[in-house]
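The structure under discussion appears below in the form of structure tokens.
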Number of protein chains: 2
Amino acid sequence: MAEEESVLGWNPFSRNCASRGLLNSIGDKWAILILASLADGALRFGELEEAVDGISQKMLAQRLGDMVADGLVTRAQFQEVPPRVEYELTDLGRSALPAVQGLIDWTVGHMSQVYETRQK
Amino acid sequence: MAEEESVLGWNPFSRNCASRGLLNSIGDKWAILILASLADGALRFGELEEAVDGISQKMLAQRLGDMVADGLVTRAQFQEVPPRVEYELTDLGRSALPAVQGLIDWTVGHMSQVYETRQK
DNA sequence: CGGAATCCTCCCAGATACTG
DNA sequence: CAGTATCTGGGAGGATTCCG
């Protein structure tokens, strides 16, 4: 370890780095839940609204828009009545699943432990 | 999959759930970087400030406080002149490393790909 | 050196209402 | 059904200053 400036060698989320916003996309609370919710297949807007408990329409639409722009999710719009829109993970989005799921699993698994400690 | 309400079965980050704030701790942008920076051993406050590029004193102190309260990090204060304080991962904090590192690795690995897509 | 306190700004995110 | 538009408050987070 010659460099002491950054333990990581470089900071992938630095404000000087183009990818800074990437953590706000992949690391975002809602994005993680949306990603995980889409793990088993495509979902409609309304289904996502129920799957991601507590999210507002605005946040859902906003995050979905970002994720589509980032190439993590595809948006398929069917010209029907009533309107129908389905969101599905891209290959890129699916490639992020293990990392995302790992974070969720850890959180679920150690939640109670953290919560106990936090009481003190 | 009988339940359609939540793809995860339940939402670990729901606002109705005690662990909602947990993602704001473990999923937080700065917390992730601090955690990863401490992977190789204890660091002083100033060293962390350099390791986590772009973080302000305020944010560093705030996040470290939260992480200590959550039992992810220990704080060791030495009565010397000049003062010295070292932060180190607890076993719990270390247990989160794989998940955290997985997220960082994915981000670093697919960053350029996302950035390209985002241009369009 | 390692913070805490203060101030200030701006963006996030919720609520609500409206549209195709 | 699947969104946008608008308004608004609260909090994240930066800069600066001061203290033990």
Between Lys58(A) and Leu64(A), who's closer to the 5' end of DNA chain D by nearest nucleotide?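 Of the two residues, Leu64(A) wins.
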
Strictly below 4.0 Å, heavy-atom distances to any atom of DNA chain C: list the hits from residues 83-90 of chain B, or just say none. Pro83(B), Val85(B), Tyr87(B)

What is the distance, to the nearest angstrom, from the [atom1] atom on [X] to the [atom2] atom on [N]?
| X | N | atom1 | atom2 | result |
| --- | --- | --- | --- | --- |
| Glu47(A) | dA2(D) | CD | P | 8 Å |
| Ile34(A) | dA13(C) | CD1 | C1' | 14 Å |
| Met59(A) | dT6(D) | CE | C1' | 14 Å |
| Leu33(A) | dA13(C) | CG | P | 13 Å |
| Lys29(A) | dG14(C) | NZ | P | 7 Å |
| Asp53(B) | dG14(D) | CG | C1' | 15 Å |
| Gln77(B) | dA4(C) | CD | C1' | 13 Å |
| Gln62(B) | dG14(D) | CD | P | 10 Å |

Side-chain heavy atoms of [X] within contact of [Y], under 4.5 Å:
| X | Y | answer |
| --- | --- | --- |
| Leu33(B) | Asp53(B) | no |
| Arg44(A) | Val85(A) | no |
| Trp30(B) | Leu60(B) | no |
| Ile32(B) | Leu103(B) | yes |
| Leu38(A) | Leu48(A) | yes |
| Val114(B) | Thr107(B) | no |

Ion pair check, Arg84(A) and Glu86(A), cut-off under 4.0 Å: yes

[options]: which one has an atom nearest the side-chain heavy atoms of [X]?
| X | options | value |
| --- | --- | --- |
| Pro82(B) | dC1(C), dC1(D), dG13(D) | dC1(C) |
| Arg75(A) | dA2(D), dT4(D), dA13(C) | dA2(D) |
| Gln57(B) | dC7(C), dA2(D), dG3(C) | dG3(C) |
| Asp28(A) | dA13(C), dA2(D), dG13(D) | dA13(C) |

Given Thr117(B) and Asp70(A), is the side chain to side chain contact (heavy atoms under 4.5 Å, CB included) satisfied, shown in steps? CA-CA 6 Å; Thr117(B) 312; Asp70(A) 286 352; 6.0 Å; no

Given dG14(C), is OP1 or OP2 found less than 4.0 Å from the side-chain N or O atoms of Ser56(A)?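 Answer is yes, contact under 4.0 Å.
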
In Å, rounded to the nearest 0.5 Å, how long is the span from CZ of Arg118(A) to CD of Gln113(A)? 12.5 Å

When the C1' atoms of the five terminal pairs at each end define the local axes, what inter-axis angle does the helix from dC1(C)-dG20(D) to dG20(C)-dC1(D) show, to 10 degrees?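 Comparing the first five pairs with the last five, the axes sit 50° apart.
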
